[in-house]
Amino acid sequence: MADVSKNFSVVSYNVLAECHRQSNTGYTTYTAEEHLNMVYRHQRLLAEFQYLDADVLCLQEIEPQYYTETLGPALKMLGYEGVFKRRLGDLHNEGEATFYRTSRFTLVDNAPLALRDLVEKDLEDSGLDYEMKDAVRSFVDVHTVMLVTRLQCNATGTILTVGNIHVLWAKLTRPGIQSLQIACAVREVVNRAGGSQNPHIICGDFNSMPTTPMYQLAQDGYLSDQSLNTLQAAQNIEMPDGSKAALVNLLWKGFQHTSPSLRSAYNVVQGREPSCTSWNMVINGCLDYIWFSASPGTLNVLGVLESIPLTGPIPTSIIPSDHLSMKADFSFA
């Protein structure tokens with residue numbers, strides 16, 4: 001009989017920050033205002049969290065005040081504790097929050113990180129001259145963040161390292177930055193896990209379809225020829241001499257990661273990704289993933305929550321976000 005003490009579940013969910021909802025009137029073209037306000041959506045979110053009954057919640061687009069005054073206290077009453085990192089800058093007042101069930105896990109440590117700081121490590125090792133570094137630095141200076149949280153299983157003592165990320169959106173026009181962000185993020189998760197032989201997960205809103213270089217890089221750990229060609233064609237960095245350059249040609253060593261058996265939970269279980277995890281005025285497709293270390297001795301995926309088949313854009317009176325929640329059940333190997 002399987003040892004159920006090794007089992008746990010992880011949810012990833014972009015809950016739609018109120019600042020984004022209010023700044024975009026398009027939502028009201030298909031959903032009544034009474035079902036869009038945060039008071040109503042919070043009650044729907046809480047009901048969903050209770051239904052999901054996960055041991056770890058990785059949430060994106062959480063506003064600081066909502067985290068501190070509303071969501072945090074509500075989830076505490078359900079047996080969770082959490083950590084939070086706000087996005088950089090003043091443009092978007094939201095960030096990432098990771099909650100864990102205290103009866104299942106104990107917090108070891110948490111690292112709130114700016115993705116531009118992770119890219120900076122590759123930039124310093126690039127060998128580019130000062131002016132070229134400055135051009136690249138200006139291009140990748142975006143406000144995205146991530147959390148890397150280490151949790152100890154109360155039953156087994158095993159340490160699980162969880163990355164919670166929201167990759168740059170930019171209307172899907174910056175595949176180079178998106179791919180570099182995920183490569184840097186995976187390397188950071190592996191580093192803080194103490195190596196790829198230790199259990200680790202990275203999940204969130206990746207703002208990339210399964211056909212993109214970012215997805216292929218996450219899956220394989222390096223760029224295929226097709227992905228490389230795609231990124232080399234994206235020559236959108238303004239260089240000091242007035243020419244244009246592709247990010248991958250300048251920081252090519254950064255476009256690889258160190259988790260040799262990183263796998264998507266949904267793809268492993270279902271043989272494919274969900275057809276849609278986000279549907280609003282501008283996007284309809286799969287953007288959200290739960291990636292896990294599948295190396296021997298790390299993690300086994302036991303199952304996933306089947307995505308709701310959508311017939312139109314969200315949120316609705318039932319679904320409180322413009323993304324769907326993702327859930328995967330795992331066991332420590």
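Residues take their numbers from the sequence shown, with the count starting at 1. Side chains included, hydrogens not; waters and symmetry mates left out as well; all remaining heavy atoms used. Keep in mind it's a predicted model, so treat the numbers as computed, not measured.
Closest non-hydrogen pair, Q232 versus Q235, comes out as O-CG, 3.3 Å. Minimum interatomic distance between P315 and P320 (heavy atoms only, all atoms of both residues): CB-C, 3.7 Å.
Counting only distance, with no hydrogens or angles, the side chain of S227 and the backbone of L223 share no donor-acceptor pair below 3.5 Å. Panel note: side chain Y80, backbone D55; no donor-acceptor pair is recorded below 3.5 Å. A donor-acceptor pair is defined here as one N or O able to donate and one able to accept, closer than 3.5 Å; no such pair exists between the side chain of S138 and the backbone of A135. Distance alone, capped at 3.5 Å, is enough to place a donor-acceptor pair between the N37 side chain and the E34 backbone. Using a distance-only test at 3.5 Å, with no hydrogens or angles considered, no donor-acceptor pair links the side chain of S293 to the main chain of S295. For the pair S23 (side chain) and C19 (backbone), a donor-acceptor distance under 3.5 Å is present. In this structure, the side chain of Q178 engages the main chain of L168 through a donor-acceptor pair within 3.5 Å. The closest donor-acceptor contact from the side chain of R150 to the backbone of D109 lies at 3.5 Å or more, if one exists at all. Although no hydrogens or angles enter the test, the distance criterion places a donor-acceptor pair under 3.5 Å between the side chain of S321 and the main chain of N14. Within the 3.5 Å criterion, the main-chain N or O of P175 finds a donor-acceptor partner in the side chain of S179.
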Original post:
V10 and I201: side chain to side chain contact (heavy atoms under 4.5 Å, CB included), yes or no, with the steps?
Top reply: CA-CA 9 Å; V10 175; I201 287 171; 3.9 Å; yes
**OP:** Assess whether side-chain hydrogen bond (donor to acceptor under 3.5 Å, both in side chains) is satisfied between R86 and N93, documenting all intermediate values.
**Re:** CA-CA 7 Å; R86 185 188 180 279; N93 186 35; 3.0 Å; yes
Original post:
Going through the distances and angles, do S259 and H200 end up as a side-chain hydrogen bond (donor to acceptor under 3.5 Å, both in side chains)?
Top reply: CA-CA 9 Å; S259 182; H200 55 277; 2.7 Å; yes
**OP:** Show the numbers, then the answer: is there a salt bridge (Lys or Arg N to Asp or Glu O under 4.0 Å) between R192 and E188?
**Re:** CA-CA 6 Å; R192 293 183 181 273; E188 188 67 21; 2.7 Å; yes
Original post:
Under the salt bridge (Lys or Arg N to Asp or Glu O under 4.0 Å) criterion, do E306 and K327 qualify, and how do the steps go?
Top reply: CA-CA 8 Å; E306 189 169 348; K327 181 183 179 183; over 6 Å; no
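Applying the side-chain hydrogen bond (donor to acceptor under 3.5 Å, both in side chains) criterion to N191, with sequence neighbours excluded, gives no partner residue. A search for ring-ring contact (aromatic ring centres under 6.0 Å, His included) contacts involving F139 returns nothing, not counting sequence neighbours. For D122, the side-chain hydrogen bond (donor to acceptor under 3.5 Å, both in side chains) partners at least two apart in sequence or on another chain are R187.
For the side chain to side chain contact (heavy atoms under 4.5 Å, CB included) with Q60, the lone residue among N164, V145, V15 that qualifies is N164. Screening E63, E18, E61, E48 for a salt bridge (charged side-chain N to carboxylate O under 4.0 Å, His left out) involving R41 leaves a single residue, E18.
To the nearest 0.5 Å, atoms CG (L228) and CG (D225) are separated by 7.0 Å. A distance of 12.0 Å separates CD1 in I202 from CD1 in I290, rounded to the nearest 0.5 Å. Taken from CZ in F332 to OG1 in T156, the straight-line distance is 5.0 Å, to the nearest 0.5 Å. Between L180 atom CG and L217 atom CG the span is 9.0 Å, to the nearest 0.5 Å. We find the CD1-NE2 distance between I314 and H323 to be 8.0 Å, quoted to the nearest 0.5 Å. Distance check, rounded to the nearest 0.5 Å: CG of N284 to CG of L310 gives 8.0 Å.
Using a 4.5 Å heavy-atom cutoff, the side chains of V301 and D329 are not in contact. Counting heavy atoms from C-beta on, the side chains of E81 and L107 never come closer than 4.5 Å. In this structure, the side chains of R101 and V56 stay at 4.5 Å or more apart for every pair of heavy atoms. Inter-residue side-chain proximity for I62 and L71 is flagged as met; some heavy-atom pair is nearer than 4.5 Å. Side-chain atoms of Y27 and T25, non-hydrogen and from C-beta on, never get closer than 4.5 Å to each other. Residues N236 and K244 are not in side-chain contact: their nearest non-hydrogen atoms beyond the backbone lie 4.5 Å or more apart. In this structure, the side chains of L262 and H257 come closer than 4.5 Å at one or more pairs of heavy atoms. Annotation: side chain of R104 is in contact with side chain of F8 (closest heavy-atom distance under 4.5 Å).
Taking the six-membered ring where the residue is Trp, F330 and F292 present tilted rings, their angle falling between 30° and 60°. Ring geometry, Y13 versus F49: the interplanar angle exceeds 60°, so the pair is classed perpendicular (tilted spans 30 to 60°). Ring geometry for W291 versus Y289: interplanar angle of 30 to 60°, hence tilted.
Summarising the local packing, CD of Q65 is surrounded by 12 or fewer heavy atoms from other residues, nucleotides or ligands at distances under 6.0 Å. Heavy atoms of other residues, nucleotides or ligands lying less than 6.0 angstrom from CD of Q22 number more than 12. The environment of CD in E131 is sparse: at most 12 heavy-atom neighbours from other residues, nucleotides or ligands sit within 6.0 Å. Enclosure of atom OH in Y222 is not indicated, since only 12 or fewer non-hydrogen atoms of other residues, nucleotides or ligands lie within 6.0 angstrom. With a 6.0 Å radius and a threshold of 12 heavy atoms from other residues, nucleotides or ligands, D241 has its CG atom above the threshold. Within a 6.0 Å sphere centred on CD of E33, other residues, nucleotides and ligands contribute more than 12 heavy atoms.
Counted by atom type alone, S103 and N154 present zero donor-acceptor pairs between their side chains at under 3.5 Å. A donor-acceptor contact closer than 3.5 angstrom is absent between the side chains of D322 and S278. Side-chain atoms of T144 and Q181 form a donor-acceptor pair, as typed in the model, at a separation below 3.5 Å. Judged purely by distance below 3.5 Å, without hydrogens or angles, the side chains of Q197 and T298 never pair a donor atom with an acceptor atom. Residues H42 and Y66 have side chains that bring a donor and an acceptor to within less than 3.5 angstrom of each other. E273 and Y215 are linked by a side-chain donor-acceptor pair at a separation below 3.5 angstrom, with hydrogens and angles left out of the test.
Listed by first then second residue, pairs satisfying side chain to side chain donor-acceptor pair (under 3.5 Å) with a partner in residues 165-176 read H166-D205, not counting sequence neighbours.
When ring centroids are compared, H20 and H92 come within the 6.0 Å threshold. When ring centroids are compared, F105 and F99 stay outside the 6.0 Å threshold.
Cluster partners of V108, by chain and number: I159. The rule joins Ile, Leu, Val, Met, Phe, Trp and Tyr whenever side-chain heavy atoms lie under 4.5 Å apart. Other members of a hydrophobic cluster containing V4 are absent, since no ILVMFWY side chain comes under 4.5 Å of it, directly or through relayed contacts.
In this structure, E94 does not pair ionically with K85, as no charged nitrogen and carboxylate oxygen lie closer than 4.0 Å.
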